[in-house]
Colleague: 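I have a structure here, written as structure tokens, and I will follow up with some questions on it.
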Amino acid sequence: MSELPATPALAAALLRLRVAVDAPQHSGIAAPLDYLSERPLAPGTLLQVPLGKRELLAIVWDPAQEGDQGQVLPAEQLRQVGPALDALPPLNEAWRRLLEFAAGYYQRSIGELALSVLPPQLRELDGKQLQGRLKKLAKLRTEADASAIEASAVPELSVAQAEALQRIDTLMQTDAAPPPLLLYGVTGSGKTEVYLRAAEHALAQGRQVLVLVPEINLTPQLEARFAERFAGRHIVSLHSGLTPAQRLRHWLAAHLGEADLVLGTRLAVFASMPRLGLIAVDEEHDPSYKQQDGARYSARDLAVYRARLERVPVILGSATPSLESWQHANAGRYQRLALPARIGGGAMPRVRLFDMNSLPRNKGVTTAISAPLLHALRQRVERGEQSLVFLNRRGYAPVLHCGECNWKSDCPNCSAWRVFHKEDRTLRCHHCGVAERVPRACPSCGNLDIAPLGRGTERLEEQLAEMLQGVLRPDGGPARVARIDADSTKLKGSLESQLGAVHAGEVDVLVGTQMVTKGHDFRRITLVAAVNPDAALFSSDFRAPERLFSLLMQAAGRAGRDAAQAAQSEMWVQTWHPQHALYQALLAHDFERFAASQLAERESAGLPPFAHLALLRAEARTPEVAEAFLKAAAEAAAGLSTAAQLLVYPPVPMSMARVANVERMQMLLESASRPALQALLRAWLPELQQLKREHRGLLRWAIDVDPLAI
DNA sequence: AGCACGCCGACT
DNA sequence: GTCGGCGTGCTC
């Protein structure tokens, strides 16, 4: 099957097919390849093809168009396709257009992207095995129908919710592509209810609904909420935490049109859904929607593109929208729907800024918890209420330090400190993973007196337990402090069990990283404290303030969701810069003011959303090699046609310049015109492939379109 | 990416 | 003599 056709006459008798194969970008195979087939195969059909010495899973792509460039090989030089998986319906036109756009926009080959978003297990199945899976799936389906349960009661809508829904309904009726909807409402204002109702309407019209969430952690609870409302409907999840068999099963259910609702993380934006009728992107501002390796796509942006392509409504929901989406709404390209109040009359917690400058400075060591905050924590424990202390840094201390010779626990492989983890007495690098037992004495001078510098959640938990010793709950028991972060939840199911303990009231003071600020609904928390958030104010990352504001708003949203307690709930922020505009806006819960000031800064600095960015990154054993490659790349770019509309900055080391002994440099490209930037990247890519060959010692290069950080 | 081919050092 | 080191280059 995979041999070359024996004669030119035979070759001429076969059909020519374009096939997208899974070849990585640096292979130089960007476009689909030509093969021969004895019978016609519809575009979107999965099949095996020979490539070199291998047999790969690939996808029949659309025939070449008139204007397509690239040389056409004579039929005698083409190989024949292998067996097709034609038990599976072909991936439809809309899906192919989505992939074609995404591959082009993020500068990857179609096949590479397409195969990376299909369930990995498809690669291992032949036609017969696939038929078996499909049969099993059909059987499961009939069993599920028999066990339908009663749907839960539907709550009444607030005026704002009803109005939002009315607008969505109108958009669902129209035939043209509706504008994206920006659903803007604080935590607890009932955004999820709007998704549920909009989904209900789409389902009633016989359509499928796609709901995206930023993190795997958030899928189970959202799934539970949808399952409760839509009993009897077929709901599946799609994320990388599924077993290969589950992922295939769920994907097939979506692709065959059997699943009514698909809930998932960013990769679910590529789910094949033949009856798609609505897309919702929850917490649309969340950075997790941007893929950080391989094809660096933004699932939120692709959701918007997909909705336009399929002429279905897309709802972007957030209490703190991304400045990109906010600006689109300002310009009238997105329709803004505001949910101004919390459901049930609950108020947002009162924000209090605690000025750290007012503390006596002569102690030399600053305390993590100021006396007034400690007092507030004490009071909550004594009243039987819960508190959340938020510190976005895990481990015991970020660095270990020798007071004698000034040694610090740097990582031998990275330009970063190794973090002191007291629990297992290790020094661990959070970037390359290298771990080592904590030395007894300074490795440099032998001094025994080495001390942790700064603090992470582990140390904060320890200090809080100490500070709250002797404080009693109303039932006479001692105060209980617990911690939730990436270290405490490494084991499967441990996040759920720890959250369960908090919900059950078995914890009085919860210490956590941003992990606990996302989505989890803690009914009894009346105090949220951010202990040391200032670092982001002075970060070189232009999006750091936006992220901090959203994180603090989200953390504040953890408090007072129970209306009975809302009146007395508070958010404390300990800061050295209480006058900073970010904190002043937070004080007033005023996202709009914050967004306006940030947008003004971005505009004057020529940053997104007023300019479009792309990064070229290079990795090598030495910074010189990486830099030389980038400089050559800049020269090549200058010679290309759209270069005039483009600004190419000099190469600089990445903020984490060395990871695992690899030196990393990057170069920023900026343009006011997205098409000009896109055109340049397209023309640049072949030149970069050539340059890679000329620059010995260059390990890898990559393009990041619309990077999150520069 | 795989998987060839290719051209130089220490082993049965 | 040849086993294998990983540099270089190709895959319709």
Side-chain angles (χ1 to χ4, degrees), chain A residues 1-8 10-41 43-65 68-84 96 99-100 103 106-124 291-296 617-622 625-626 628-629 661-662 685-703:
Chain A
M1 256 328 198
S2 67
E3 294 311 304
L4 288 169
T7 65
L10 184 51
L14 297 171
L15 292 154
R16 186 185 280 259
L17 282 184
R18 283 176 95 223
V19 178
V21 296
D22 181 13
Q25 191 64 290
H26 56 263
S27 67
I29 302 174
L33 300 177
D34 284 350
Y35 285 85
L36 295 176
S37 171
E38 287 172 2
R39 60 195 176 108
L41 292 169
T45 305
L46 291 172
L47 81 177
Q48 300 272 125
V49 294
L51 182 70
K53 293 278 159 173
R54 297 176 296 158
E55 282 276 318
L56 296 175
L57 182 64
I59 306 175
V60 178
W61 215 252
D62 302 73
Q65 300 295 300
D68 284 3
Q69 70 269 46
Q71 87 284 24
V72 177
L73 267 68
E76 308 83 83
Q77 289 179 29
L78 303 183
R79 297 173 76 182
Q80 269 183 266
V81 299
R96 297 196 305 276
L99 269 112
E100 216 160 74
Y106 296 105
Q107 311 298 328
R108 315 294 299 198
S109 79
I110 291 172
E112 180 195 16
L113 182 61
L115 274 304
S116 76
V117 300
L118 289 174
Q121 220 180 30
L122 269 182
R123 267 172 242 238
E124 290 144 35
Q291 171 88 23
Q292 287 300 354
D293 49 53
R296 296 169 162 260
R617 298 210 170 91
E619 299 186 359
R621 287 283 169 215
T622 67
V625 170
F629 169 78
N661 281 325
V662 172
L685 227 63
E687 309 227 21
L688 294 176
Q689 264 145 23
Q690 181 56 39
L691 285 174
K692 156 87 164 100
R693 263 167 267 151
E694 291 166 16
H695 287 255
R696 287 292 139 78
L698 185 77
L699 294 171
R700 305 197 300 170
W701 62 270
I703 282 184

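Residue numbers begin at 1 in each chain, while the letters A, B, ... track the order of the sequences.
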Colleague: Which part of the nucleic acid does A:Arg16 contact within heavy-atom distance under 4.0 Å: base, sugar-phosphate only, or nothing?
Modeller: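 Touches nothing.
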Colleague: Within the sub-3.5 Å range, which N or O atoms of nucleotides 2-7 of chain B have a protein N or O partner, and how far apart are they?
Modeller:
| unit_1 | atom_1 | unit_2 | atom_2 | d |
| --- | --- | --- | --- | --- |
| B:dG2 | OP1 | A:Arg54 | NH1 | 3.4 |

Colleague: Looking at A:Arg617, A:Gln689, A:His695, which one forms a side chain to side chain contact (heavy atoms under 4.5 Å, CB included) with A:Trp701?
Modeller: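 Checked A:Arg617, A:Gln689, A:His695 against A:Trp701; only one passes side chain to side chain contact (heavy atoms under 4.5 Å, CB included): A:Gln689.
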Colleague: Identify the heavy atoms of A:Ala618 and A:Phe629 that sit nearest to each other, and give their distance.
Modeller: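 Answer, listing the atom of A:Ala618 first, then A:Phe629: CB-CD2, 3.8 Å.
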Colleague: How would you list, by chain and number, every residue that makes a salt bridge (charged side-chain N to carboxylate O under 4.0 Å, His left out) with A:Arg39, sequence neighbours excluded?
Modeller: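 Residues passing salt bridge (charged side-chain N to carboxylate O under 4.0 Å, His left out) with A:Arg39: A:Asp86.
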Colleague: With no hydrogens and no angle check, is any side-chain donor or acceptor of A:Arg123 less than 3.5 Å from a backbone partner on A:Leu56?
Modeller: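 A pair under 3.5 Å: no.
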Colleague: Below 4.0 Å from chain A heavy atoms, what is the first contacting nucleotide of DNA chain C and what is the last?
Modeller: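 Both ends considered, the range comes out as C:dT8 to C:dC12.
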Colleague: Under 3.5 Å, which donor-acceptor pairs do the side chains of residues 108-122 of chain A form with other protein atoms, sequence neighbours left out?
Modeller:
| unit_1 | atom_1 | unit_2 | atom_2 | d |
| --- | --- | --- | --- | --- |
| A:Arg108 | NE | A:Glu112 | OE1 | 3.2 |
| A:Arg108 | NH1 | A:Gly294 | O | 3.3 |
| A:Arg108 | NH2 | A:Glu112 | OE2 | 2.8 |
| A:Ser109 | OG | A:Ala23 | O | 3.0 |
| A:Ser109 | OG | A:Glu112 | N | 3.1 |
| A:Ser116 | OG | A:Glu112 | O | 3.4 |
| A:Ser116 | OG | A:Leu113 | O | 2.9 |
| A:Gln121 | OE1 | A:Arg133 | NH1 | 3.2 |

Colleague: Sequence neighbours left out, what passes side chain to side chain contact (heavy atoms under 4.5 Å, CB included) with A:Leu73? Give chain and number order.
Modeller: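 Partners of A:Leu73 under the side chain to side chain contact (heavy atoms under 4.5 Å, CB included) test: A:Gln71, A:Gln77, A:Leu78.
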Colleague: Check salt bridge (charged side-chain N to carboxylate O under 4.0 Å, His left out) between A:Arg96 and all other residues, then give those that pass, not counting sequence neighbours.
Modeller: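 For A:Arg96 the salt bridge (charged side-chain N to carboxylate O under 4.0 Å, His left out) partners, ignoring immediate neighbours, are A:Asp62, A:Glu93.
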Colleague: Please check if the number of heavy atoms outside A:Arg700 that lie under 6.0 Å from its CZ is greater than 12.
Modeller: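 No, not enclosed.
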